[in-house]
Chemist: 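Got a structure here, written out as structure tokens. Questions coming.
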Protein chains: 2
Amino acid sequence: MDAQLKREVNLLHANVCQALADPTRILILYALGEAPRHVSELADSLEAPQSTVSRHLKVLRDRRLVTTARDGAGVLYSLADARVIDALDLLRAVLMSALSEQGELARRLS
Amino acid sequence: MDAQLKREVNLLHANVCQALADPTRILILYALGEAPRHVSELADSLEAPQSTVSRHLKVLRDRRLVTTARDGAGVLYSLADARVIDALDLLRAVLMSALSEQGELARRLS
DNA sequence: CCGCTACATCCGCACAACCGGATATCCGGA
DNA sequence: TCCGGATATCCGGTTGTGCGGATGTAGCGG
């Protein structure tokens, strides 16, 4: 296998995929896809403690998937690249196919 | 936040994103994107022990991201849905943007 | 029918990631 | 300058996940 591809995939994993490996972070990305938000807003809508949300935001920030801007006393987080949402939506479509196939299978077996 | 979306994202994470949360599995998907392969072929090209590859394949199989077919003495694995590759390529594009931005930043600071 | 190849699973271990309360830091306004 | 609200980070503990050698299992070919 191409060693170049291996290196690139390692980067892809470390910088992007791993960031998507937590449901809370995915929800944060979707929320920011709608509009920029403050940390406390996100904590409220996710019903998660502030420290948890902040920690997840750090993960996304370190990988440059979100950007920050000071806004008065708070910090406004925004989605850095809308294509992340496109990719997630694509994966959702894949999921739907897999699920309906499973349903199909269950139907056949019953 | 919409409880419906939360449920769907949980499924998305459990069934798809978590499967992408390992570089070896991503490489397997790319390899299968080129052509169906046997377990031993994958183990060779990834330079990973057979047990490791087989375990990763189980993860992908359980989530229906790959399909299997018996082929003589062995088992042939194939990519179940090419859109997974599309999504990964999209994320690669996102990564490239983020990296070049980082480079930009490093240049400005130097 | 048997042995062998190809694959799947088991096992014990090590490491990484998440959690959430508590605490520290930052900043704007009075 | 000092207070308070908004975020960030620290901490201890728990759980999850990957690893790879060893061991099971299945099915083809002789």
Side-chain angles (χ1 to χ4, degrees), chain A residues 6 9-29 31-32 35-80, chain B residues 6 9-29 31-32 35-80:
Chain A
K6 279 191 188 176
V9 165
N10 277 332
L11 274 181
L12 178 63
H13 167 255
N15 287 282
V16 182
C17 291
Q18 208 161 47
L20 303 180
D22 182 286
T24 300
R25 285 198 291 268
I26 299 177
L27 284 170
I28 290 177
L29 290 171
L32 295 182
R37 320 246 190 212
H38 289 172
V39 179
S40 53
E41 285 182 272
L42 291 169
D44 283 350
S45 64
L46 297 178
E47 294 171 308
Q50 178 263 324
S51 72
T52 294
V53 172
S54 196
R55 183 164 25 79
H56 284 305
L57 284 170
K58 176 175 174 51
V59 173
L60 297 172
R61 200 184 340 120
D62 286 348
R63 289 166 175 72
R64 306 193 182 265
L65 296 180
V66 301
T67 60
T68 63
R70 249 224 182 260
D71 175 36
V75 176
L76 199 56
Y77 278 82
S78 314
L79 191 59
Chain B
K6 280 191 189 178
V9 165
N10 276 332
L11 274 181
L12 178 63
H13 166 255
N15 287 282
V16 182
C17 290
Q18 209 161 42
L20 303 181
D22 181 285
T24 300
R25 286 197 290 269
I26 299 177
L27 283 170
I28 289 177
L29 290 170
L32 295 182
R37 319 244 190 214
H38 290 172
V39 179
S40 53
E41 286 182 274
L42 291 169
D44 284 349
S45 65
L46 296 179
E47 295 170 309
Q50 177 261 325
S51 72
T52 295
V53 172
S54 196
R55 183 164 25 78
H56 283 305
L57 283 169
K58 175 176 174 50
V59 173
L60 298 172
R61 196 181 348 118
D62 286 349
R63 289 165 176 73
R64 310 198 179 260
L65 297 180
V66 300
T67 59
T68 63
R70 211 159 243 294
D71 174 38
V75 177
L76 199 56
Y77 277 83
S78 315
L79 190 61

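Just so it is clear: chains get the letters A, B, ... in the order the sequence lines come, proteins before strands, and each one is counted from 1.
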Chemist: With side chain to side chain contact (heavy atoms under 4.5 Å, CB included) as the criterion, how do B:Arg61 and B:Lys58 come out once you've worked through the C-alpha distance, each side chain's angles and the decisive distance to 0.1 Å?
Modeler: CA-CA 5 Å; B:Arg61 196 181 348 118; B:Lys58 175 176 174 50; 3.6 Å; yes
Chemist: Between B:Ser51 and D:dG20, is there a contact of a side-chain N or O with OP1 or OP2 at under 4.0 Å?
Modeler: no
Chemist: Starting the side chain at C-beta, find the nucleotide from D:dA8, D:dA26, D:dG18 nearest to B:Arg70.
Modeler: D:dA26
Chemist: Decide yes or no for A:Leu42 and A:Leu57: does some side-chain heavy atom of the first lie under 4.5 Å from some side-chain heavy atom of the second?
Modeler: yes
Chemist: If each of A:Thr24 and A:Ala73 is mapped to the nucleotide of DNA chain C with the nearest heavy atom, which maps nearer the 5' terminus, i.e. the 5' end?
Modeler: A:Thr24
Chemist: What integer distance in Å separates A:Asp62:CG from D:dA8:P?
Modeler: 11 Å
Chemist: Take the protein atom CG of B:Leu60 and the nucleotide atom C1' of C:dC7, then report the distance between them rounded to whole Å.
Modeler: 16 Å
Chemist: Mind running side chain to side chain contact (heavy atoms under 4.5 Å, CB included) on A:Arg63 and A:Val59 for me, showing each step along the way?
Modeler: CA-CA 7 Å; A:Arg63 289 166 175 72; A:Val59 173; 3.4 Å; yes
Chemist: For B:Gln18, does its backbone N or O pair with a side-chain atom of B:Arg25 as donor and acceptor, under 3.5 Å?
Modeler: yes
Chemist: Is it the case that D:dA8 (base atoms only) and A:Gln50 (side chain only) share a donor and an acceptor within less than 3.5 Å, ignoring hydrogens and angles?
Modeler: yes
Chemist: Going through the checks in order, is the side chain to side chain contact (heavy atoms under 4.5 Å, CB included) test met by A:Gln50 and A:Val53?
Modeler: CA-CA 5 Å; A:Gln50 178 263 324; A:Val53 172; 5.8 Å; no
Chemist: Which part of the nucleic acid does B:Gln18 contact within heavy-atom distance under 4.0 Å: base, sugar-phosphate only, or nothing?
Modeler: sugar-phosphate
Chemist: To the nearest Å, how far apart are A:His38 NE2 and D:dT7 P?
Modeler: 6 Å
Chemist: Would you say A:Arg70's side chain and A:Ala73's backbone share a donor-acceptor pair under 3.5 angstrom?
Modeler: yes
Chemist: Could you tell me the separation between the NZ atom of B:Lys58 and the P atom of D:dG18, rounded to a whole number of Å?
Modeler: 13 Å
Chemist: Between C:dA6 atom C1' and B:Glu41 atom CD, what is the distance in whole Å?
Modeler: 12 Å
Chemist: Using atom CG of A:Leu46 as one end and atom P of C:dC18 as the other, report the distance to the nearest whole Å.
Modeler: 15 Å
Chemist: Does A:Tyr77 place a side-chain N or O at less than 4.0 Å from the phosphate oxygens OP1/OP2 of D:dA6?
Modeler: no
Chemist: Please work out if B:Ser40 contacts a base, only the sugar-phosphate, or nothing of the nucleic acid, heavy-atom cut-off 4.0 Å.
Modeler: sugar-phosphate
Chemist: Start with the C-alpha distance between B:Leu76 and B:His38, add both sets of side-chain angles, then the distance that settles side chain to side chain contact (heavy atoms under 4.5 Å, CB included), and finish with yes or no.
Modeler: CA-CA 5 Å; B:Leu76 199 56; B:His38 290 172; 3.1 Å; yes
Chemist: Figure out the NE2/P separation between B:His56 and C:dC7, and round it to whole Å.
Modeler: 17 Å
Chemist: So if I take the C1' atoms of five pairs at each end of the helix from C:dC1-D:dG30 to C:dA30-D:dT1 and get each local axis, what angle do the two axes make, rounded to 10 degrees?
Modeler: 20°
Chemist: For A:Arg63 and C:dA17, give me the distance from atom CZ to atom P, rounded to whole Å.
Modeler: 8 Å
Chemist: Choosing from D:dT7, C:dG21, D:dA22, which nucleotide comes nearest the side chain of A:Pro49?
Modeler: C:dG21
Chemist: Scan A:Thr67, A:Ile28, A:Thr68 and name whichever one has a side chain to side chain contact (heavy atoms under 4.5 Å, CB included) with A:Tyr77.
Modeler: A:Thr68
Chemist: OP1 or OP2 of C:dC18 versus the side-chain N and O atoms of A:Arg25: is any pair under 4.0 Å?
Modeler: yes
Chemist: Does a distance-only test, which skips hydrogens and angles, find a donor-acceptor pair under 3.5 Å between the side chain of A:Arg55 and the base of C:dG20?
Modeler: yes
